[in-house]
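Input: a single structure, listed below in structure tokens.
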Amino acid sequence: MAYSDKVLEHYNNPRNVGSLDKSADDVGTGVVGAPECGDVMKLQIQVEGDTIVDAKFKTFGCGSAIASSSLATEWLKGRSLDDAMTINNTEIVQELSLPPVKIHCSVLAEDAIKAAINDFKSKQGADPSQA
Amino acid sequence: MNAPIYLDYQATTPVDPRVLEEMLPYFGEIYGNAASRSHAFGWQAEEAVGQGRERIAHLIGASSKEIIFTSGSTEGINLAMKGVAQMYGSKGKHIITSQAEHKAVLDTAKRLEKDGFEVTYLAPDSKGRHSADQVAEAMREDTILVTIMWANNEIGSINPIREIGALCKERGVLFFTDGTQAVGKVPVDVEADNVDLLCLSGHKIYGPKGVGALYVRRRNPRVRLVAQMDGGGHERGMRSGTLNVPAIVGLGKACEVCEADMDTDREHALSLRTRFEEKVFGALDHVHLNGHPDHRLPACSNISFSYVEGESMIMGISNLAVSSGSACTSASLEPSHVLMSMGVGDELAHSSIRFGFGRFTTEEDVDAAAEQVIAAVKRLRELSPLYEMVLEGVDLSKIQWDAH
């Protein structure tokens, strides 16, 4: 399996690894994937007002899954929630030059972003389906 | 980046210099066709082939007349299974094999199913082995062939071949074993071990690639095969095609060296494997050995690192030449069929790595490998949400994962 330079770079130097307090009101947590499928992503955001001020991840998965979630945390910081909701997996595919067999990693990252945002919103009492 | 370390001896082995040296003249001045009976060039080649045959036969306790040269074990498996099925198909249509066999056996079995045979695929136990009792239970009136591998290529577990062979002999069922990983590494005696057919491959035993042999019993019983390659009637009509003399010379020499060095090779591999496993198991928690701890090839160590995914693990130890699952399936994302058949869960199957040590592996190689493995697992576990949950006391099996 040949990896792109960007995947290797994120794999070797993953950004924003770690965990935020998942019980805090200003933190949204998304956990997606399943161990038996070979990938689980946990992505967390910390929100002030409408802006994502911090993002952290932990990923069990291949190099492309690690890179996709690492990239996602980079892109999330500083974005508004609505803006973050528009992040699409194809942007991740392009940025990391993911081959077709690894597209599911980008889909998982997009799912993790949306799950984290919805978790945050539900904590604020909003109905996530309206997001 | 340090020099890469080769730890994939189950995939292939380097050619031993003693083997190479003996092969070289047969690429040059000695070029006759072993089938040419009318001149000295042919006789010389035939003599070299004859010596190769003797050496192979000696290693496995056979007679040289029972050795059929092939291109390797895939061909040997195809010839043995299809050859037996087509020859004895009128006697019965039932074949017994194992879910943990190499794809060459499984795919040949599937082909035979399409041709009207019925195949029982036995599940191995949790250590990857089969018992003679299990085979006995699966036997039917119309069973004509049992195919159980001697030692597994992914986990190294060794089957009780002598007992399974004795059962087959008693029931009058032919017994074929894939000896690719076992021959040259552990003692093999086709007489004492009650084997009717056995395949072996040159490149797994420090010989050249593209050559192998099929042992076909000549008496008690005399096994007959339908040839899969028609032509000049070479190899007692079972495998036509001009013999690859240099490769056969190499295979023969490789067998001779394996026989002479078997004890040294085994002690060397065992000491390296023990050294490696002691380091890895001593430094890391949640590490599992796949396969049988004792009934196992001395050079094989298949380990699952919980909460670390196999492909990211291989990236993390990119300096080490190892396999995740078997080399034949590592291009796909499917977890190993061998581990699955043993009941190893998906998650552990995804996180398994096979380390193979061999004649040219050094203690320095093993130390460097263990160090890199330990560092990679620790780093990836810092990244792993599963490991974090386990440290928090979460039972992962109780979580509703959204499978995708």
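Because only heavy atoms are used, hydrogens play no part in the values below, and waters and symmetry mates are left out as well, while side chains stay in. Chain letters run A, B, ... following the sequence lines, proteins first, then strands; residues in each count from 1. The structure presented is a predicted model; accordingly, all values stated were derived computationally and were not measured.
Contact check for B:Trp401 versus A:Val32: no side-chain heavy atoms found under the 4.5 Å cut-off. Looking at heavy atoms from C-beta onward, A:Pro35 lies in side-chain contact with B:Leu386 at the 4.5 angstrom threshold. At least one side-chain heavy atom of B:Met315 sits under 4.5 Å from a side-chain heavy atom of A:Leu8. Side-chain contact between A:Tyr11 and B:Leu380: present, with at least one pair of heavy atoms (C-beta onward) separated by less than 4.5 Å.
Atom CG of A:Asp5 has 12 or fewer neighbouring heavy atoms from other residues, nucleotides or ligands inside a 6.0 Å radius. Other residues, nucleotides and ligands contribute at most 12 non-hydrogen atoms within 6.0 Å of the CD atom of B:Glu371. Annotation for B:Glu392: atom CD counts as buried by contact number, over 12 foreign heavy atoms lying within 6.0 Å.
Ion pairing of B:Glu382 with A:Lys58 is absent here, as no side-chain N (NZ or NE/NH1/NH2) approaches a carboxylate O to less than 4.0 Å.
Residues of residues 13-21 of chain A having a heavy atom under 4.5 Å from any heavy atom of chain B, listed by number: A:Pro14, A:Val17, A:Ser19. Contacts from residues 61-76 of chain A to chain B, taken as heavy-atom pairs separated by less than 4.5 Å, involve A:Gly61, A:Cys62, A:Gly63, A:Ile66 in sequence order.
Contacts between B:Met389 and chain A at a heavy-atom distance below 4.5 Å involve the side chain alone, from C-beta outward. Neither the backbone nor the side chain of B:Gln400 comes within contact range of chain A, judged by heavy atoms closer than 4.5 Å.
Taking CG from A:Asp39 and CD from B:Glu311, the interatomic distance works out to 9.5 Å, rounded to the nearest 0.5 Å.
Per-residue heavy-atom pair counts under 4.5 Å with chain A were compared for B:Pro385, B:Ser312, B:Ser351, and the maximum is reached by B:Pro385.
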The test is side-chain contact (heavy atoms from CB on, under 4.5 Å); show your working for B:Arg381 and A:Phe60 and say whether it passes.
CA-CA 8 Å; B:Arg381 282 186 176 165; A:Phe60 163 85; over 6 Å; no
